[in-house]
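Here the structure comes first, spelled out in structure tokens, and everything after it is commentary.
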Amino acid sequence: MLTLQCLREERERVLASLAKRHIDAETTVDRILALDAQRRALQTELDQVLAESNTLSREIGGLMRDGKKEEAEAVKAQTAGLKDKSHALKESMDVAEEELQHMLVQLPNTPCDLVAAGKSADDNVEVYRNSEPPKAGGHAKPHWDIASEFDLIDFDLGAKVTGAGFPFYKGKGAKLQRGLIRFFLERADEAGYTEYIPPHVVNADSGYGTGQLPDKEGQMYHMQDDDLYMIPTAEVPLTNIYRDVVLNASDLPQKLCGYTPCFRREAGSYGKDVRGLNRLHQFDKVEIVQIAHPSESYATLDTMVEHVKGLLEALELPFRILRLCGGDMGFTSAMTYDFEVWSAAQERWLEVSSVSNFETFQANRLKCRFKDVDGKNKFVHTLNGSALALPRIVAALLENHQDHEGVTIPKALVPYVGFDRIEA
RNA sequence: GGAGGUUUGGCAGAGUUGGUCGAUUGCACCGGUCUUGAAAACCGGCGUGCCGAAAGGUACCGGGGGUUCGAAUCCCUCAGCCUCCGCCA
């Protein structure tokens with residue numbers, strides 16, 4: 001979430017920045033500032049009452065020790081009204097604080113300067129494309145047909161055993177998954193990311209820390225009996241490693257990665273968006289995360305973009321990179337690059353990675369700071385990116401590398417999957 | 001799942017008949033003296049949030065709540081960790 005200090009000192013900039021998301025936050029921000037002023041005034045008053053109370057209590061303590069019981073009783077009488085007074089002040093302060101927090105967590109992050117204003121995906125800025133989308137040959141089969149023809153993925157079986165959006169991967173389909181995961185992890189390892197196998201289930205504090213709660217409450221599977229959430233991305237457990245942590249400046253950057261299945265309820269999705277592998281309730285993903293020094297974070301973002309770019313090049317897929325506009329960016333992000341691969345049969349771009357800098361937005365919630373050279377604790381910047389999400393990569397591999405007899409596995413991937421062709 | 005124990009500042013570890021305890025001490029760490037440099041020794045500093053220009057005030061001894069003029073110390077509750085028993089991959 002945004003810091004109060006930032007709202008206080010840079011109100012105009014924050015409003016202008018949020019306007020790029022097509023959000024008019026003026027009313028909210030001003031209400032927050034009013035509550036903040038109110039809270040501070042109450043705190044000052046409360047502190048005074050408590051100070052008085054503490055002084056008297058110490059006095060009583062001294063008198064009791066000296067055996068002057070009657071004098072102590074007399075002082076005690078002076079404390080009579082103080083407790084009610086402090087309780088009342090505390091209560092008003094808590095009320096103001098609660099409303100303030102409630103409003104504050106609903107404000108999204110401020111897009112950074114480079115981000116364009118915009119309402120929807122149409123306003124995203126394409127910053128890179130490795131090739132023109134191959135012309136439709138008319139014969140390209142969609143991945144769900146290929147998957148079925150070579151018995152790679154069974155959607156119906158998944159629907160029977162669990163429900164729609166939970167496919168079974170089979171035979172070479174399963175090996176392809178396993179190979180891709182290994183391939184992505186090895187590349188992350190080579191790039192200096194430490195591998196983690198995190199829990200696939202997190203508590204509410206963690207959901208809150210990375211911003212899934214309360215914003216996306218309905219998107220996560222929730223286990224009511226234990227009040228735990230299934231992770232929608234490894235970002236949640238990996239970034240929450242740093243919740244309530246103060247790092248040394250020399251510890252930065254922290255680079256970590258991890259493979260996990262991801263679980264998303266995807267309420268409200270329908271149609272061609274959910275066909276085949278396009279959108280699943282459970283999917284596999286390798287995530288890269290960095291905890292960076294504020295002055296380095298945008299350079300870090302660039303290296304992460306380059307990393308993902310390298311993966312897609314190795315897989316020989318046509319792709320483009322978009323810098324998302326304000327209106328299309330996630331709630332917590334200050335800047336996001338989306339990677340999209342071309343689907344030859346569906347003849348459209350499919351998002352396969354999202355690489356973001358959250359600046360201090362998550363760090364503020366996580367209370368993740370570093371001790372700066374001036375001795376002060378400051379918020380770190382957090383970043384993460386998919387490197388990569390599997391289903392649409394598999395879709396693109398099947399569709400783009402198909403021919404009449406089967407599918408050719410890109411050379412870089414062969415050592416990981418153990419075969420170079422998928423055929424009948 | 002049952003029984004008991006435990007949870008203090010980066011770590012270790014005092015403090016529980018409630019009263020200058022936000023907290024003794026050691027280690028680690030930072031600065032200084034000494035030294036060609038280092039080590040040792042000695043001196044000083046050394047948790048975090050909030051309010052405040054500052055001085056200072058206030059809050060925090062696992063989380064939350066309560067008793068009291070006053071709680072790290074008493075009570076309730078939740079959680080983590082440890083030991084034993086049970087069950088089990």
Side-chain angles (χ1 to χ4, degrees), chain A residues 1-9 32-105 197-209 213 223-229 237 240-252 254 291 360 362-380:
Chain A
M1 65 190 162
L2 300 174
T3 61
L4 276 171
Q5 191 191 1
C6 171
L7 292 182
R8 260 185 242 145
E9 293 171 4
I32 288 172
L33 290 174
L35 285 164
D36 179 45
Q38 189 187 339
R39 202 211 92 244
R40 283 189 287 166
L42 285 166
Q43 164 127 40
T44 303
E45 209 178 326
L46 174 62
D47 283 358
Q48 281 165 4
V49 173
L50 289 174
E52 193 180 338
S53 167
N54 285 342
T55 306
L56 291 174
S57 290
R58 273 192 286 266
E59 208 174 310
I60 293 170
L63 291 169
M64 295 292 269
R65 232 189 348 271
D66 297 343
K68 299 174 181 170
K69 219 167 176 186
E70 283 181 23
E71 287 179 50
E73 286 300 325
V75 178
K76 216 186 260 192
Q78 293 178 45
T79 66
L82 290 178
K83 200 194 229 178
D84 288 343
K85 213 161 151 187
S86 69
H87 277 178
L89 284 166
K90 180 73 163 51
E91 203 170 313
S92 320
M93 201 174 90
D94 287 346
V95 168
E97 175 73 24
E98 197 181 323
E99 191 189 342
L100 190 160
Q101 284 299 324
H102 179 72
M103 298 192 83
L104 197 54
V105 296
I197 301 179
H200 298 171
V201 166
V202 294
N203 58 31
D205 283 346
S206 293
Y208 179 81
L213 295 176
M223 285 168 273
Q224 224 168 2
D225 285 349
D226 300 290
D227 194 22
L228 295 170
Y229 296 85
N240 270 282
I241 290 172
Y242 297 93
R243 175 151 50 82
D244 294 321
V245 166
V246 180
L247 295 157
N248 292 315
S250 58
D251 294 333
L252 300 174
Q254 295 282 304
I291 310 294
T360 61
Q362 291 183 329
N364 186 207
R365 294 191 180 204
L366 292 161
K367 305 257 175 299
C368 177
R369 292 158 299 173
F370 71 100
K371 196 168 277 299
D372 207 350
V373 284
D374 61 9
K376 296 218 172 99
N377 290 340
K378 296 177 185 167
F379 288 124
V380 298

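Keep in mind that the numbers below use all heavy atoms, side chains included, and drop hydrogens, waters and symmetry copies. Every chain is numbered from 1, with letters handed out A, B, ... down the list of sequences.
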Identify the nucleotide, in any strand shown, that forms a Watson-Crick or G-U wobble pair with [N], with both distances under 3.5 Å; if there is none, say none.
N      : value
C50(B) : G57(B)
G1(B)  : C85(B)
C11(B) : G26(B)
C21(B) : none

Just how far, in rounded Å, is [atom2] of [N] from [atom1] of [X]?
X       : N      : atom1 : atom2 : value
R369(A) : G10(B) : CZ    : P     : 11 Å
Q48(A)  : G56(B) : CD    : P     : 17 Å
N54(A)  : A71(B) : CG    : P     : 8 Å
Q43(A)  : G49(B) : CD    : C1'   : 9 Å
K85(A)  : C69(B) : NZ    : P     : 18 Å
L63(A)  : C69(B) : CG    : P     : 16 Å
Q5(A)   : G52(B) : CD    : C1'   : 15 Å
L247(A) : G10(B) : CG    : P     : 14 Å

### Message
Please classify the nucleic acid contact of T79(A) as base, sugar-phosphate, or nothing, using heavy-atom distances under 4.0 Å.
### Response
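It contacts sugar-phosphate atoms only.
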### Query
Using a cut-off of 4.0 Å on non-hydrogen atoms, how would the nucleic acid contact of I60(A) be classed: base, sugar-phosphate, or nothing?
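Base contact - I60(A) has a heavy atom under 4.0 Å of at least one base atom.
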Given [options], the nucleotide with the shortest approach to the side chain of [X]:
X       : options                : answer
K371(A) : U48(B), U58(B), C50(B) : U48(B)
N377(A) : U58(B), C69(B), U48(B) : U48(B)
R8(A)   : C69(B), C51(B), U58(B) : C51(B)
R58(A)  : U68(B), C50(B), U58(B) : U58(B)

#### Entry: Electrostatic pair K367(A):D244(A) at N-O distance under 4.0 angstrom
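Salt bridge absent between K367(A) and D244(A).
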### Query
What's the spacing between E91(A) CD and D94(A) CG if we round to 0.5 Å?
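The CG atom of D94(A) is 7.5 Å from CD of E91(A), to the nearest 0.5 Å.
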### Task
Return the 5'-most residue of the pair M64(A), R39(A) with respect to RNA chain B, ranking by each residue's nearest nucleotide.
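Upstream on the strand: M64(A).
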### Task
By nearest nucleotide on RNA chain B, pick out whichever of R40(A) and L46(A) is the more 5' one.
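Going by which nucleotide is closer to the 5' end, it is R40(A).
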### Query
Is the closest side-chain donor-acceptor distance between S206(A) and N203(A) under 3.5 Å?
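Side-chain D/A pair, S206(A) to N203(A): present.
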### Message
Side chains of K371(A) and N248(A): any donor to acceptor distance under 3.5 Å?
### Response
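Side chains of N248(A) and K371(A): no pair found under 3.5 Å.
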Quote, to the nearest angstrom, the [atom1] distance that separates [N] from [M].
N      : M      : atom1 : value
A72(B) : G65(B) : P     : 15 Å
U83(B) : G63(B) : C1'   : 24 Å
C61(B) : G10(B) : C1'   : 16 Å
U67(B) : G18(B) : C1'   : 11 Å

### Query
Looking only at heavy atoms, what is the nearest atom pair of V49(A) and L89(A), with distance?
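Shortest heavy-atom separation between V49(A) and L89(A) comes out as CG2-CD1, 3.8 Å.
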### Query
When you look at CD of E98(A), are more than 12 heavy atoms from neighbouring residues, nucleotides or ligands closer to it than 6.0 Å?
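Count not over threshold, so no.
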